[in-house]
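Taking it in order: structure first as structure tokens, then the write-up.
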Number of protein chains: 4
Amino acid sequence: MKKNRPKYMQIIDAAVSVIAENGYHQAQVSRIAKQAGVADGTIYLYFKNKEDILISLFEEKMGSYIEKIEPVIAGKESAAEKLLLLIDSHFRMLSEDRDLAIVTQLELRQSNKELRLKINEVLKGYMKLIDEILLEGKQNGEFSRSLDIRLARQMIFGTIDETVTTWIMNEQKYELNTLSIPIHELLLNGCGAGTSGPSASQV
Amino acid sequence: MKKNRPKYMQIIDAAVSVIAENGYHQAQVSRIAKQAGVADGTIYLYFKNKEDILISLFEEKMGSYIEKIEPVIAGKESAAEKLLLLIDSHFRMLSEDRDLAIVTQLELRQSNKELRLKINEVLKGYMKLIDEILLEGKQNGEFSRSLDIRLARQMIFGTIDETVTTWIMNEQKYELNTLSIPIHELLLNGCGAGTSGPSASQV
Amino acid sequence: MKKNRPKYMQIIDAAVSVIAENGYHQAQVSRIAKQAGVADGTIYLYFKNKEDILISLFEEKMGSYIEKIEPVIAGKESAAEKLLLLIDSHFRMLSEDRDLAIVTQLELRQSNKELRLKINEVLKGYMKLIDEILLEGKQNGEFSRSLDIRLARQMIFGTIDETVTTWIMNEQKYELNTLSIPIHELLLNGCGAGTSGPSASQV
Amino acid sequence: MKKNRPKYMQIIDAAVSVIAENGYHQAQVSRIAKQAGVADGTIYLYFKNKEDILISLFEEKMGSYIEKIEPVIAGKESAAEKLLLLIDSHFRMLSEDRDLAIVTQLELRQSNKELRLKINEVLKGYMKLIDEILLEGKQNGEFSRSLDIRLARQMIFGTIDETVTTWIMNEQKYELNTLSIPIHELLLNGCGAGTSGPSASQV
DNA sequence: TATGAATGAGGGTTCATTCAT
DNA sequence: CATGAATGAACCCTCATTCAT
């Protein structure tokens with residue numbers, strides 16, 4: 001399996017670094033190769049083409065994050081707590097790797113439609129995770145019975161995403177994680193949690 | 001004023017149509033010219049360069065939308081009603097011009113950072129509009145006193161944007177405007193409106 | 001006759017000024033038209049095409065100079081005096097119109113082969129003038145009997161031309177006309193005048 | 001070093017040939033590449049841009065000529081002999097490579113001011129060589145004590161240059177080298193050599 | 001496995017010239 | 001005579017990918 005060889009991750013990390021520093025359109029394959037310390041041709045021993053580097057980058061970084069976060073979330077008791085953990089972990093992951101944050105929030109979005117469709121495939125796992133939290137919240141009465149899960153998921157993901165993008169655009173001048181609790185409260189309210197008890201944020 | 005000559009809008013409309021059909025990276029100037037029924041060189045009598053077409057496109061379509069919607073919203077009495085009108089008009093505008101929806105939600109986001117910064121300038125007017133609604137809602141007690149306007153704005157814009165993008169990605173298989181009221185309800189709840197009275201959506 | 005209409009010279013003068021200021025490749029027809037205070041299309045009522053402006057420019061400025069200098073030179077008695085007058089007038093003409101000097105010595109030489117062939121046609125009158133001086137000098141014993149007129153002419157024209165070009169390249173930091181007498185002496189020597197009497201420069 | 005790889009000279013030679021045949025403005029990069037037997041992109045592995053090909057061409061051909069001729073001239077005893085060698089070598093070099101003659105005398109002069117300034121840099125070495133010959137001739141009494149070196153150099157270079165250009169313009173109908181001795185005699189006279197002894201051309 | 005020299009397709013923009021008014 | 005909006009051909013350069021070593 002090529003993915004297990006050291007140069008595989010070496011190239012992906014080089015891609016993140018080069019794209020974050022120079023932007024998507026300045027991230028030539030030769031530049032990534034140089035940063036990774038390999039020859040241009042070597043890239044093609046590990047990746048089908050340039051697009052494949054970017055997809056793999058997203059899969060490795062986001063895919064592995066989703067896999068990692070899933071069991072941790074499963075350990076929490078209430079949907080509210082799960083949602084808070086989701087938001088906070090999301091913010092923490094991107095705060096801790098600002099290059100990755102720039103790449104996923106700004107640069108990778110300049111890619112063509114095809115690539116973005118494939119990125120969406122990876123995100124589906126994340127959407128499913130959100131849906132499960134919402135479903136649980138509906139079923140155990142934490143959230144409104146009439147909650148439309150698809151719309152609520154768009155609200156949650158859209159809000160998180162817009163929040164991170166704004167933070168990046170403001171050159172990360174503030175601590176992203178300080179927003180976890182207020183954003184959580186907003187979203188809980190949105191889901192109808194505020195009507196039947198104390199805010200879960202206060203838990 | 002060049003903007004008043006008929007070919008100006010003719011070229012912008014051609015750009016929307018060509019980009020929607022072929023994608024951002026396939027939208028060669030010569031293709032846009034052909035679609036507009038003018039010579040390649042004529043483009044440069046009306047626009048500084050290719051990027052200028054795209055900026056102008058966004059300014060004309062979104063900028064004029066913002067200007068148009070502003071007084072209509074001002075006519076509404078409550079913040080909740082204003083928010084509903086904002087959402088519903090946003091959805092309606094993009095439903096009525098699906099090419100424009102594709103261009104603004106998917107294609108224009110592939111542009112370089114510079115262009116996107118200029119697009120953000122145009123969007124600032126929209127953000128300000130949202131902020132005003134939120135401020136009004138806070139002041140007249142419709143929304144929670146503790147509402148963080150910046151975060152609430154990110155929630156509102158992020159949710160609307162994500163909802164439209166999902167609709168586009170699903171090839172517009174459903175009516176976007178049917179989502180106006182449920183999205184409105186979600187967002188109102190998020191703003192803390194549900195805690196102190198009947199949902200404004202029911203107004 | 002188009003040449004008698006005021007706009008004809010107006011356009012030529014505008015061309016000299018625009019080319020001197022901005023260089024040959026920046027001298028677009030529209031720029032010349034603007035400088036001349038006429039519409040682009042008007043240029044084509046007076047000139048066949050852009051090249052025709054440049055040829056006419058050279059014909060008018062250099063051709064008229066040659067016609068003017070010819071009778072003055074004819075009035076001088078010795079070949080040596082005639083040569084001095086030729087050199088000094090040449091330097092004076094270009095000193096007095098530095099724009100023209102820049103255009104003829106530097107900018108017009110960037111034109112294509114065809115244009116330069118036509119310029120050479122105009123210069124033939126000048127070459128003939130030099131040849132006549134040389135022939136007279138040979139016949140009356142001022143110059144060497146063995147002088148090759150063609151080569152001597154190349155020396156004279158080449159020296160004058162190189163001297164003016166060097167002066168232009170040095171940004172006209174010195175008075176070109178101070179070189180008339182020493183250059184004259186060099187060239188007289190070259191023609192074998194120094195062997196049979198006092199320097200003609202001292203006449 | 002890129003200059004040592006065979007394709008470097010291959011491309012330069014192709015450029016000379018293409019420019020000589022089709023003219024400066026018709027010498028597209030793709031045409032030069034084709035003539036050199038390489039792909040368009042390969043040009044850019046050896047040269048920064050198109051202008052760089054032309055500068056390099058001049059440096060390689062004229063620069064290397066100047067370096068080569070310098071020690072040979074140093075071996076001659078008198079300034080007169082040195083001058084003859086300079087003229088004759090100059091004529092020989094261009095006679096032996098008529099494409100190069102066309103390119104340097106006619107085509108390269110159509111280039112923009114910037115390129116011509118760089119060409120002048122290369123020529124400065126040549127001017128220095130002429131100056132050294134003149135200085136030596138003045139000091140050892142071969143040339144007139146009152147000789148102005150700068151003006152004499154302009155005469156020498158101007159005469160040689162004009163002679164070659166006339167030869168090119170006449171489509172090389174005669175042997176350029178037959179002019180070496182008579183031109184030499186003209187220039188020696190010009191430098192005041194004829195006044196104090198037998199012509200060095202007769203040596 | 002690894003290299004890196006070589007490939008070649010593809011597009012934004014300028015500007016001399018025209019022609020309907 | 002005069003205008004100036006419209007035309008459209010023409011070209012340099014980049015960079016993802018290949019393949020001989």
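In what follows, every heavy atom counts, from backbone to side chain, and hydrogens, waters and symmetry copies are set aside. Proteins get letters first, then strands, A, B, ... in listed order; numbering begins at 1 in each.
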Nucleotide F/dC15, atom P - distance to CD1 of A/I32 in whole Å: 12 Å

Side chain of A/L45 - closest among F/dT3, E/dT1, E/dT17: E/dT1

CD1 on C/I32 to CG on C/D40, rounded to 0.5 Å: 10.0 Å

OP1, OP2 of F/dC15 versus side-chain N and O of A/R31: anything below 4.0 Å? no

Which residue pairs pass the side-chain hydrogen bond (donor to acceptor under 3.5 Å, both in side chains) test with at least one member in residues 13-31 of chain A, sequence neighbours excluded? A/D13-A/K61, A/S17-A/Q35, A/H25-A/Q110

Closest-nucleotide 5' rank along DNA chain E - winner of B/H25 and B/T42: B/H25

In whole angstroms, how far is the P atom of F/dA16 from the CD1 atom of A/I43? 10 Å

Indicate, with a heavy-atom threshold strictly under 4.0 Å, whether D/V29 touches base, sugar-phosphate, or nothing. sugar-phosphate

Would you indicate, yes or no, if E/dA6 has its OP1 or OP2 atom less than 4.0 angstrom from a side-chain nitrogen or oxygen of D/Y44? no

Would you mind telling me which of F/dC13, F/dG4, E/dA5 lies closest to the side-chain atoms of C/D40? F/dG4

Look at A/Y46 and E/dT1 and indicate whether a side-chain polar atom (N or O) is within less than 4.0 Å of OP1 or OP2. no

Identify whether any heavy atom of A/K34 sits under 4.0 Å from a base atom; if not, whether one sits that close to sugar-phosphate; answer base, sugar-phosphate or nothing. nothing

pair_partner(E/dA20), Watson-Crick or wobble, both distances < 3.5 Å, evaluates to F/dT3

Once rounded to the nearest 0.5 Å, what's the spacing between atom CD of D/E60 and atom CG of D/L100? 12.0 Å

Atom-to-atom span, OH of C/Y8 to P of F/dA2 - whole angstrom: 15 Å

Here the distance between atom P of F/dC15 and atom CG of A/N49, to the nearest Å, is 17 Å

Mind calculating the distance between CD1 (A/I11) and P (E/dT1) to the nearest angstrom? 12 Å

When the distance from CD of C/Q28 to P of E/dT17 is rounded to whole Å, what number comes out? 13 Å

For D/A27 and A/S30, find the nucleotide of DNA chain F closest to each by heavy atoms; which residue's nucleotide sits nearer the 5' end? D/A27

Measure from the side chain of A/A39, starting at C-beta and using heavy atoms only, and say which of E/dT17, F/dC13, E/dG4 lies closest. E/dG4

From OH (A/Y46) to CD1 (A/I53), nearest 0.5 Å: 13.0 Å

Looking at F/dA6, I'd like to know if its phosphate oxygens (OP1 or OP2) sit under 4.0 Å from a side-chain N or O belonging to B/K7. yes

Within this structure, what is the CG-to-P distance between C/D52 and E/dT17, rounded to whole angstrom? 10 Å

Starting from the 5' end of DNA chain F, give me the residue, D/K48 or A/K48, whose nearest nucleotide shows up first. D/K48

Between B/K124 and B/E121, is the closest basic N to carboxylate O distance under 4.0 Å? yes

Whole Å only: how far is the CD atom of A/Q26 from the C1' atom of F/dA16? 14 Å

